[in-house]
Number of protein chains: 2
Amino acid sequence: MNKRTTKALLTKKKISEAALRLFNEKSFSEVTVDEIIKETNTSKGAFYTHFKSKHDIFLEKFKEIDDYYVNELVHLIAKEEKYADRLEIFLRLQMTYIEKDLGWDVIRTIYEVELNIERDSFFLIPDRPLYSILLDIFVNGQKNEEFRNDLSPEKMMDICLRTMRGILYDWALRKANFSLIEEHGDLFRVMIRGLMK
Amino acid sequence: MNKRTTKALLTKKKISEAALRLFNEKSFSEVTVDEIIKETNTSKGAFYTHFKSKHDIFLEKFKEIDDYYVNELVHLIAKEEKYADRLEIFLRLQMTYIEKDLGWDVIRTIYEVELNIERDSFFLIPDRPLYSILLDIFVNGQKNEEFRNDLSPEKMMDICLRTMRGILYDWALRKANFSLIEEHGDLFRVMIRGLMK
DNA sequence: TAATTTTACAGACTGCAGTCTCTTTGTCAA
DNA sequence: TTGACAAAGAGACTGCAGTCTGTAAAATTA
């Protein structure tokens, strides 16, 4: 780690922290890049050497949190015997995390940005830990004779992901005017019932 | 209808038609407002007296199509005896219409724009015919003892809408790299199974 | 029919994300 | 040590959606 890299990393950190703080104080769309660089005494050049876009700075942090948190969840569900229970608890913890820690504006922004054509998608990265956790549940839940086996585990994971995206999209759309924690259960229980033997 | 109004309506139509043609030729995001007004020999002033935004011109047409088509669907499903069958057929026809007639870019654009905070949402308008059709199915399907009755029809409609949004969001996200017509069945059958007695 | 008001429209202007070019300064090979 | 190179950063510039102000002509009122 030489002098130049150290300084560069510091600049990146400075920009990232200021930006995230501002996103939090206002909302993502109300913060401008000019504001961020003014606040940090940097420049457009500095900003765009470190981040591909204004969204990128946001997604980078999100990835970090997402990975960390999802990995934590694995341990919390591992003690459940039934995979259907693991799934239910996992989904509940996810929704709780999203509602309490991430919040509405974060989800709204991510779901909006993911549909931008120019940018590369985060949801489509195949090795998100979220995907392997779900797949594991369905593979083993089928072996355990809990889930139907006329659908492949991959198919079931797709169904589950689409259902999650549906409620999260709706939550973002409605500006969080219902509680994810309270309402996710109805939808997911219907889905799980449809997936069981 | 006086002279001024007639001319204004003509201008609006001219802009709308040119814009929709261009959106179709390229894609929504590749067409600029400047291009539209140049093509139609009009001006920013003209454009923005008739449309609230570039998205608006698009949504206006979409509403029209949506209403027309959804109203048509009512008749096509009315002959089915079982409400669960009505629901399944309705969903299949919807997905077919979306995949064949609307296309991926239209759905992508709408789902993206709906998450914009500044604009008023189309999905949240309570009297979309889509909503009354679904509600009718659940109300009568419950009376008919087909669907479970520990969930209100409104709740069931929410579940159904969220599931639809989930698959459509995913389809838009994946740039239509799977066929809605072929794949919607797995998801919706799981949902319907979860909703049945 | 003259005076006043309204409105469709023209086009200059603003705000913002993102790009491009140029400069400075640290790094590395000889 | 020095000369070539690379990479961090500065800031002017571009492209685009949307706003603002001014104007001509139609509609309305007197």
Side-chain angles (χ1 to χ4, degrees), chain A residues 1-20 22-23 25-60 108-110 112-120, chain B residues 1-20 22-23 25-60 108-110 112-120:
Chain A
M1 181 80 74
N2 61 35
K3 199 173 164 186
R4 187 147 73 186
T5 326
T6 311
K7 194 165 166 272
L9 238 61
L10 204 76
T11 306
K12 182 170 182 176
K13 194 165 167 250
K14 193 167 64 171
I15 291 175
S16 168
E17 280 172 1
L20 292 167
L22 288 167
F23 293 160
E25 277 170 27
K26 311 186 189 187
S27 72
F28 178 78
S29 58
E30 281 168 329
V31 178
T32 67
V33 174
D34 282 310
E35 197 179 346
I36 298 167
I37 63 177
K38 199 177 170 190
E39 188 107 337
T40 50
N41 292 310
T42 55
S43 66
K44 280 279 173 77
F47 189 96
Y48 284 98
T49 40
H50 294 298
F51 303 98
K52 269 190 285 185
S53 68
K54 190 181 129 186
H55 302 97
D56 189 51
I57 202 170
F58 183 84
L59 277 177
E60 197 169 276
R108 209 214 93 249
T109 307
I110 289 167
E112 187 184 355
V113 172
E114 282 289 311
L115 291 184
N116 264 211
I117 322 173
E118 300 95 51
R119 289 171 233 294
D120 29 304
Chain B
M1 179 83 76
N2 61 34
K3 198 173 163 187
R4 189 146 72 184
T5 326
T6 312
K7 195 164 166 273
L9 237 62
L10 204 77
T11 307
K12 181 170 182 177
K13 194 166 168 249
K14 192 167 67 170
I15 292 175
S16 168
E17 280 171 1
L20 291 167
L22 287 167
F23 292 159
E25 278 170 27
K26 312 185 187 186
S27 71
F28 178 80
S29 58
E30 280 167 331
V31 178
T32 67
V33 173
D34 282 309
E35 196 179 348
I36 297 167
I37 63 177
K38 199 176 170 191
E39 188 105 338
T40 50
N41 293 310
T42 55
S43 67
K44 280 280 173 78
F47 189 97
Y48 284 98
T49 41
H50 294 298
F51 303 98
K52 268 189 287 186
S53 68
K54 190 181 128 186
H55 302 97
D56 189 51
I57 202 170
F58 183 84
L59 277 177
E60 199 168 277
R108 208 213 94 248
T109 307
I110 289 167
E112 188 185 352
V113 172
E114 282 289 312
L115 292 184
N116 264 213
I117 322 173
E118 299 96 51
R119 289 171 234 294
D120 30 304

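Source: prediction; values computed, not measured. In the text below, chain A, chain B and the rest are named by the order of the sequence lines, each starting its count at 1.
Rounded to whole Å, the distance from CZ on Phe47(A) to C1' on dA12(D) is 18 Å. Taking atom NZ of Lys52(B) as the reference point, atom P of dA17(D) lies 18 Å away to the nearest angstrom. The separation between Asn41(A) atom CG and dG11(D) atom C1' is 14 Å, rounded to whole Å. Protein atom CD of Glu118(A) is 14 Å distant from nucleotide atom P of dA17(C), rounded to whole Å. Between Phe28(B) atom CZ and dA17(D) atom C1' the separation is 10 Å, expressed in whole Å. As a whole-Å value, the separation of Glu35(B) CD from dA17(D) C1' is 14 Å. Distance Leu10(A) CG to dG26(C) P: 15 Å, rounded to the nearest Å. Atom pair Phe51(B):CZ and dA8(C):C1' shows a separation of 14 Å (rounding to whole Å applied).
Side chains of Asp56(A) and Ser53(A): no donor on one and acceptor on the other come within 3.5 Å.
Under the 4.5 Å side-chain criterion, counting only non-hydrogen atoms from C-beta, Lys26(B) is in contact with Glu35(B). Between Asp34(A) and Lys44(A) there is a side-chain heavy-atom pair separated by less than 4.5 Å.
Candidate nucleotides dC28(C), dG18(D), dA26(D) were compared by shortest atom distance to the side chain of His55(B), and dG18(D) ranks first. Proximity note for Ser43(B) (side chain, C-beta onward) versus dG11(C), dC16(C), dG18(D): the nearest is dG11(C). Minimum atom distance to the side chain of Ala8(A) is reached by dA8(D), of the listed dA10(C), dA8(D), dA17(C). Among the nucleotides dA27(D), dA10(C), dG18(C), the one closest to the side chain of Arg4(B) is dA27(D). With distances taken from any side-chain atom of Ala46(B) to the nucleotides dA7(D), dA10(D), dA10(C), the minimum falls on dA10(C). Of all nucleotides listed (dA17(C), dG18(D), dT27(C)), dA17(C) comes nearest to the side chain of Tyr48(A).
Side-chain to base pairing of Lys7(A) with dG26(C): no donor and acceptor N or O lie closer than 3.5 Å to each other. Taking only distance into account, the side chain of Lys44(A) meets the base of dG18(C) through a donor-acceptor pair shorter than 3.5 Å.
Contact between the side-chain N/O atoms of Thr49(A) and the OP1/OP2 oxygens of dA7(D) is not found at any separation under 4.0 Å. Listed pair Asn2(A) / dG26(C) fails the phosphate criterion, with no side-chain N or O lying under 4.0 Å from OP1 or OP2. Considering only side-chain N and O atoms, Thr42(A) lies nowhere under 4.0 angstrom from the phosphate OP1 or OP2 of dA10(D). An OP1 or OP2 oxygen of dC9(C) is reached within less than 4.0 angstrom by a side-chain nitrogen or oxygen of His50(B).
To the nearest 0.5 Å, the span separating CD1 on Ile15(B) from OG1 on Thr49(B) amounts to 7.0 Å. The CZ atom of Arg4(A) sits 13.5 Å away from the CG atom of Leu9(A) when rounded to the nearest 0.5 Å.
Two residues, Gly45(A) and Val31(A), neighbour DNA chain C, and the one matched to the more 5' nucleotide by heavy-atom proximity is Val31(A).
A cation-pi contact links Lys12(A) to Phe51(A), judged by a cut-off of 6.0 Å to the six-membered ring centre and 45° from its axis.
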